[in-house]
Amino acid sequence: MISQFFILSSKGDPLIYKDFRGDSGGRDVAELFYRKLMGLPGDESPVVMHHDDRHFIHIRHSGLYLVATTSENISPFSLLELLSRTMAMFRPRPQRC
């Protein structure tokens, strides 16, 4: 089950934030994720990261980070599918003639 969902800008500013379970420490988790992400060497970050008892699953698209957190053992592929489909909703659709 997802604990939190948030979308961050490329500078780490939270654009959308939702805490579903109230067990994860509030908005500080988004800041923790961004600090951990920026502390990694290189440009490519792992899609799944772990910190304490929390798992971060994220995708990056057009400078935005879509992130889901969970404290339970859940399939990361199901969360990646959810994040990908969420991003697909934000993409503009081609105009039909």
Side-chain angles (χ1 to χ4, degrees):
M1 176 179 282
I2 296 175
S3 296
Q4 296 172 320
F5 171 78
F6 47 91
I7 299 176
L8 300 178
S9 71
S10 60
K11 295 183 180 183
D13 300 319
L15 304 175
I16 294 175
Y17 174 86
K18 176 65 178 171
D19 189 347
F20 295 104
R21 302 189 58 192
D23 64 350
S24 298
R27 290 183 181 253
D28 294 338
V29 174
E31 183 180 334
L32 172 69
F33 166 78
Y34 190 74
R35 277 188 283 132
K36 191 166 178 65
L37 189 70
M38 292 298 110
L40 295 171
D43 291 337
E44 295 296 320
S45 60
V47 175
V48 179
M49 295 188 295
H50 181 77
H51 185 293
D52 292 335
D53 62 342
R54 186 174 297 117
H55 302 280
F56 295 98
I57 294 92
H58 80 281
I59 60 173
R60 183 177 181 191
H61 188 274
S62 300
L64 298 177
Y65 294 97
L66 275 77
V67 185
T69 69
T70 182
S71 57
E72 298 176 3
N73 230 353
I74 185 171
S75 169
F77 295 111
S78 61
L79 289 180
L80 285 172
E81 180 69 20
L82 174 69
L83 294 174
S84 296
R85 289 183 183 213
T86 303
M87 181 52 72
M89 290 187 325
F90 294 125
R91 289 187 192 133
R93 295 185 179 204
Q95 295 292 327
R96 295 184 186 181
C97 297

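Hydrogens, waters and symmetry mates play no part in the numbers below; they use all other heavy atoms, side chains included.
The shortest distance between side-chain heavy atoms of Phe33 and Arg54 does not fall below 4.5 Å.
Leu8 and Pro14 make their closest contact through CD2-CA, 3.5 Å (heavy atoms, listed as atom of the first residue, atom of the second, distance). Closest approach of Ser3 and Ser71 over heavy atoms only: OG-N, 3.7 Å. Among all heavy-atom pairs drawn from Thr69 and Phe56, the shortest one is CG2-CD2, 3.5 Å. Between Val29 and Gln4, the shortest heavy-atom contact is CG1-OE1, 3.1 Å.
The CG atom of Leu40 sits 13.0 Å away from atom CZ of Arg35, with the distance rounded to the nearest 0.5 Å. For the atom pair CD1 of Ile16 and CG of Leu64, the computed distance is 9.0 Å after rounding to the nearest 0.5 Å. Put simply, NE2 on His51 and CG on Leu32 are 4.5 Å apart, with the number rounded to the nearest 0.5 Å. Rounding to the nearest 0.5 Å places CG of Leu79 at 11.0 Å from CZ of Phe5. Atom CD1 of Ile59 is separated from atom OG1 of Thr86 by 7.5 Å, given to the nearest 0.5 angstrom. Taken from CD1 in Ile7 to CG in Asp13, the straight-line distance is 13.5 Å, to the nearest 0.5 Å.
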**side-chain contact (heavy atoms from CB on, under 4.5 Å) between Ile57 and Leu82, worked out** = CA-CA 10 Å; Ile57 294 92; Leu82 174 69; over 6 Å; no
**Request:** Take Met49 and Leu37 through the test side-chain contact (heavy atoms from CB on, under 4.5 Å) and record every step on the way to the result.
**Result:** CA-CA 9 Å; Met49 295 188 295; Leu37 189 70; 4.2 Å; yes
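Side chain of His50 to main chain of Asp52: a donor-acceptor pair is present (N/O by atom type, distance under 3.5 Å, no hydrogens or angles). A donor-acceptor pair is defined here as one N or O able to donate and one able to accept, closer than 3.5 Å; no such pair exists between the side chain of Tyr65 and the backbone of Phe6.
Of the candidates Val67, Val48, Leu66, His58 forms a side-chain contact (heavy atoms from CB on, under 4.5 Å) with just one, namely Val67.
Glu81 pairs by the side-chain hydrogen bond (donor to acceptor under 3.5 Å, both in side chains) definition with Arg85, not counting sequence neighbours.
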